[in-house]
Amino acid sequence: MSLVPCHVRLCPQPETFVRALGLAYDALVHAGHPFDALAVWGSLKERVDQGIYMGQGLLLPHARILGLPEPLMSFSVCPSGFTGISLRAGEVAQFLCVLLSPAESATAHTVAIAGVAKNLLDEDWKKKALAATSEDELKALF
C-alpha cells in the first residue's frame with residue numbers, strides 16, 4: 001500500500017524546480033505536524049545538492065526528522081517537465097515527491113520511497129498520473 005500524499009499538485013505548464021519545491025515544502029510545513037521548518041529546509045537543500053534524480057522522471061528530495069509521528073509526502077506532476085535542474089541528456093523530470101520521514105523509523109522511510117518507486121515503475125499508473133486533469137484525480141491514484 002502506498003503512502004497517500006497530504007498534498008498533490010498539477011502543473012499544467014513547465015514549472016521551475018525551485019518554485020515547485022517551495023510550494024510542496026510549504027504544504028508539508030502546514031500539514032499539521034510541527035517540526036523545525038528552517039532546519040528541515042536546510043536538510044532538504046543538502047539532499048538536493050547531493051542529487052535527487054531517481055530516474056523514471058522522479059525528483060525525490062527527502063529528509064528524516066526526529067519526532068515526526070508519520071511520513072509526510074507532497075507529490076507534484078508536471079507533464080511538460082520541471083525546469084532549472086540538471087538531468088541526464090534526454091531525461092525529463094515530470095514528478096516531484098517531497099518526503100519527510102520519522103528519523104526513528106528507517107522502515108517507514110524505506111516503505112514510503114518503495115511505494116513511490118512502485119507507482120512510477122507501473123507504466124499504466126504513470127500514464128494516468130500524467131493525464132490527470134485535477135488534483136483530486138491525481139490523489140485518487142494513490
Side-chain angles (χ1 to χ4, degrees), residues 1-35 37 39-142:
M1 176 181 232
S2 293
L3 174 66
V4 176
C6 60
H7 175 260
V8 295
R9 184 163 178 263
L10 288 175
C11 307
Q13 302 297 321
E15 176 81 75
T16 66
F17 164 70
V18 172
R19 183 172 191 276
L21 176 62
L23 291 170
Y25 186 64
D26 184 64
L28 296 179
V29 167
H30 293 96
H33 296 291
F35 58 86
V40 173
W41 180 253
S43 295
L44 280 177
K45 184 179 177 332
E46 286 177 23
R47 186 66 185 102
V48 168
D49 291 345
Q50 295 168 5
I52 56 166
Y53 185 66
M54 301 290 139
Q56 297 296 319
L58 175 64
L59 299 169
L60 182 65
H62 56 279
R64 302 207 25 220
I65 302 169
L66 284 170
L68 192 68
E70 62 187 16
L72 298 174
M73 178 172 68
S74 176
F75 195 85
S76 303
V77 175
C78 186
S80 55
F82 295 101
T83 62
I85 188 156
S86 296
L87 303 175
R88 294 183 288 253
E91 302 233 12
V92 177
Q94 297 172 302
F95 305 96
L96 171 64
C97 176
V98 181
L99 176 64
L100 306 179
S101 301
E104 298 83 359
S105 177
T107 301
H109 185 74
T110 303
V111 168
I113 290 175
V116 171
K118 180 181 174 196
N119 286 341
L120 290 177
L121 290 171
D122 178 337
E123 287 300 319
D124 187 49
W125 188 95
K126 202 170 171 177
K127 286 177 188 174
K128 288 177 183 175
L130 289 169
T133 58
S134 73
E135 290 170 349
D136 288 337
E137 185 180 344
L138 177 59
K139 194 168 192 173
L141 292 174
F142 289 89

### Query
Atom CG in Leu3, atom SG in Cys97: separation rounded to 0.5 Å?
8.0 Å
### Task
In sequence, state the C-alpha distance, the side-chain angles, and the governing distance for Val48 and Leu21, and then conclude on side chain to side chain contact (heavy atoms under 4.5 Å, CB included).
CA-CA 10 Å; Val48 168; Leu21 176 62; 4.2 Å; yes
### Query
What do the steps show when you test Asn119 against Phe142 for side chain to side chain contact (heavy atoms under 4.5 Å, CB included), and what is the final call?
CA-CA 8 Å; Asn119 286 341; Phe142 289 89; 3.7 Å; yes
### Message
Give me the atom names and distance for the closest heavy-atom approach of Ser80 to Pro14.
### Response
OG-N, 3.1 Å
### Query
Is there a donor-acceptor pair under 3.5 Å between the side chain of Lys126 and the backbone N or O of Gly57?
no
### Message
Check Lys45 with Asp49, please: is the shortest side-chain N to carboxylate O separation under 4.0 Å?
### Response
yes
### Task
Would you give the length of the straight line joining atom CG of Leu96 to atom CG of Leu58, rounded to the nearest 0.5 angstrom?
8.0 Å
### Test item: Glu104 side-chain N/O and Leu66 main-chain N/O as donor-acceptor pair under 3.5 Å
no
### Query
Ignoring hydrogens and geometry, is there a side-chain-to-backbone donor-acceptor pair from Gln94 to Pro79 under 3.5 Å?
yes
### Message
Quick check: closest heavy atoms across Glu135 and Arg9, and the distance to 0.1 Å?
### Response
OE2-CA, 3.3 Å
#### Entry: Atom NZ of Lys139: over 12 foreign heavy atoms under 6.0 Å
yes
#### Entry: Taking every non-hydrogen atom, the tightest pair across Leu130 and Val77
CD2-CG1, 3.9 Å
#### Entry: Aromatic ring pairing His62/His109, orientation class (parallel under 30°, perpendicular over 60°, tilted between)
tilted
### Task
Would you confirm whether Tyr25, through its side chain, and Ala37, through its main-chain N or O, come within 3.5 Å as a donor-acceptor pair?
yes
### Message
For the NE2 atom of His30 and the CG atom of Leu72, what is their distance to the nearest 0.5 Å?
### Response
13.0 Å
#### Entry: Heavy-atom pair with the smallest gap, counting every atom of Val92 and Tyr53
O-OH, 4.3 Å
### Task
Working to the nearest 0.5 Å, report the span between OG of Ser101 and CE of Met73.
10.0 Å
### Message
If you take the centroid of each ring, where Trp contributes its six-membered ring, are Phe35 and Trp41 closer together than 6.0 Å?
### Response
no
### Task
Measure across Pro61 and Leu44 and return the closest heavy-atom pair with its distance rounded to 0.1 Å.
C-CD2, 3.8 Å
### Message
Measuring from atom OG of Ser74 to atom NE2 of His7, what distance do you get when rounded to the nearest 0.5 angstrom?
### Response
5.0 Å
### Message
Ignoring hydrogens, what is the shortest heavy-atom contact between Phe17 and Leu59? Give both atom names and the distance.
### Response
CD1-CD1, 3.7 Å
### Task
Quick one: sort the Phe75 and Phe95 rings into parallel, tilted or perpendicular, breaks at 30° and 60°.
tilted
#### Entry: Straight-line distance of Glu137 CD to Leu141 CG, nearest 0.5 Å
7.0 Å
